[in-house]
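Working notes for the structure below.
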Amino acid sequence: METENYTFSFQYEELEIGHFIKRYHFDEKDRQLAEAVGRFLAEFTVVQAGICYLPQNITCAVTLGIKFDKLAELAAEHLLLSYCIECYGMEFLSKAYEKINILSFQKTGKWIGAYHFLEEEDIEEAETALSILAKAGVTWEQGMLRPLKSVIFTAEYTENKEESGCDHCTQCGNVTCTFRKEAEEKNKREKIENTMDLGREIYSYGISNIFGRRTKI
């Protein structure tokens, strides 16, 4: 068993603002805010990852750190800004998964397959997982990961990059993941976006879904 710790960040250009706005259902009128927040967070956010390389699989812990949590708390009362920060948090984690896939290949000569995000009982019983958490600066407290923007998962190796979890969202076991839902419901969402009347609701479609509101169609 070999454990490696990594620290990395992402450039604003890597976030692909046009794709970001579409993925999270921002209105075009919100583009300026989304761009400004993205530029700031790209400079502000440092991703920490701990990877345990095992013979058959890897165990990974990834966190955006406590500073990201504190920033999100400060913005909590501003709905649009809070939603934007939350979305960038998911985007940074998604980029981190892609980075870990590359790191795995550089280290082992193999890609990683579908991610298996650990449930509460898995973490509490897994000594390796807890060790990886600690080395990545993540703790397990009262049934929650701290910092909040943290994840831990395992993944088996694969010889083919095409079988990597990065490219197969619809096959992922994490059925609540935003990116899986996007892959499964792309056509349905496009139909909704093309027919919805945004003028009837002050919040964009993405924000309405996150906070339980529904735009009338």
Between K107 and E4, is there a side-chain N and carboxylate O pair less than 4.0 Å apart? yes
Mind checking the NZ-CD1 spacing from K99 to I51? Nearest 0.5 Å is all I need. 10.0 Å
Taking the side chain as every heavy atom from C-beta outward, state whether L133 and T139 have any pair of such atoms under 4.5 Å apart. no
For A155 and N57, work out which heavy atoms get closest and say how close. O-CB, 3.0 Å
Measure the shortest side-chain to side-chain distance between C60 and Y97 over non-hydrogen atoms and say whether it is less than 4.5 angstrom. no
Cluster overlap L145 with V46, hydrophobic side-chain contacts below 4.5 Å: no
Walk me through whether L93 and V151 qualify under side chain to side chain contact (heavy atoms under 4.5 Å, CB included). CA-CA 8 Å; L93 288 175; V151 297; 4.3 Å; yes
Can you list the steps and then say if L103 with Y53 is a side chain to side chain contact (heavy atoms under 4.5 Å, CB included)? CA-CA 11 Å; L103 292 172; Y53 295 95; 4.2 Å; yes
When rounded to the nearest 0.5 angstrom, what is the spacing between NZ in K95 and CD1 in I100? 14.0 Å
Check the hydrophobic clustering (I, L, V, M, F, W, Y; side-chain heavy atoms under 4.5 Å; chains of links allowed) and say if I132 and F117 are grouped together. no
To the nearest 0.5 Å, what is the distance between NZ (K161) and CH2 (W111)? 4.5 Å
Connected via hydrophobic side-chain network under 4.5 Å: I112 and F8: yes
Determine whether T158 and E156 make a side-chain contact, defined as any pair of heavy atoms from C-beta on separated by less than 4.5 Å. no
Chi angles and distances behind the side chain to side chain contact (heavy atoms under 4.5 Å, CB included) call for F153, T59: CA-CA 6 Å; F153 64 90; T59 299; over 6 Å; no
To the nearest 0.5 Å, how far apart are OG in S94 and CG in L15? 10.5 Å
Should L71 and M90 be regarded as members of a common hydrophobic cluster, given that ILVMFWY residues are connected when their side-chain heavy atoms come within less than 4.5 Å of each other, either directly or indirectly? yes
Taking E14 for the side chain and Q11 for the main chain, is one N or O donor matched with an acceptor at less than 3.5 Å? yes
Over-ring placement of K110 relative to F105, 6.0 Å and 45° cut-offs: no
Cluster question for you: counting only ILVMFWY and a side-chain heavy-atom cut-off of under 4.5 Å, with indirect links fine, are V62 and L64 together? yes
Between atom CD of E86 and atom NZ of K149, what is the distance when rounded to the nearest 0.5 Å? 3.5 Å
Run the side-chain donor-acceptor check on residues 31-41: report pairs under 3.5 Å with partners two or more places apart or on a different chain.
{"unit_1": "R31", "atom_1": "NE", "unit_2": "E28", "atom_2": "OE1", "d": "3.0"}
{"unit_1": "R31", "atom_1": "NH2", "unit_2": "E28", "atom_2": "OE2", "d": "3.1"}

If you compare all heavy atoms of F26 against all heavy atoms of C87, which two are closest, and at what distance to 0.1 Å? CE1-SG, 4.2 Å
Is Y115 close to T154 at the side-chain level, that is, under 4.5 Å between some pair of heavy atoms? no
Applying ring pair (Phe, Tyr, Trp, His ring centres under 6.0 Å), name anything that partners Y88, two or more places apart in sequence or on another chain. F20
Would you please name every residue forming a salt bridge (Lys or Arg N to Asp or Glu O under 4.0 Å) with E16, sequence neighbours left out? none
Roughly how far, to the nearest 0.5 Å, is CD1 of I58 from OG1 of T3? 11.5 Å
Steps toward side chain to side chain donor-acceptor pair (under 3.5 Å) verdict (E91, Y24): CA-CA 10 Å; E91 197 71 8; Y24 297 103; 2.8 Å; yes
State whether the number of non-hydrogen atoms from other residues, nucleotides or ligands found under 6.0 Å of E141 atom CD is greater than 12. yes
Do any N or O atoms from the side chain of D69 and from the backbone of P147 form a donor-acceptor pair under 3.5 angstrom? no
Taking T45 for its side chain and A42 for its backbone only, find out whether a donor-acceptor pair lies under 3.5 Å. no
Is there a side-chain contact between I21 and R23, using heavy atoms and a 4.5 Å cut-off? no
If we ignore hydrogens and angles and just use 3.5 Å, is the side chain of Y157 paired with the main-chain N or O of P55 as donor and acceptor? no
For the side chain of S82 and the backbone of H78, is there at least one donor-acceptor N/O pair under 3.5 Å apart? no
Closest heavy-atom contact between N5 and G50? OD1-CA, 3.8 Å
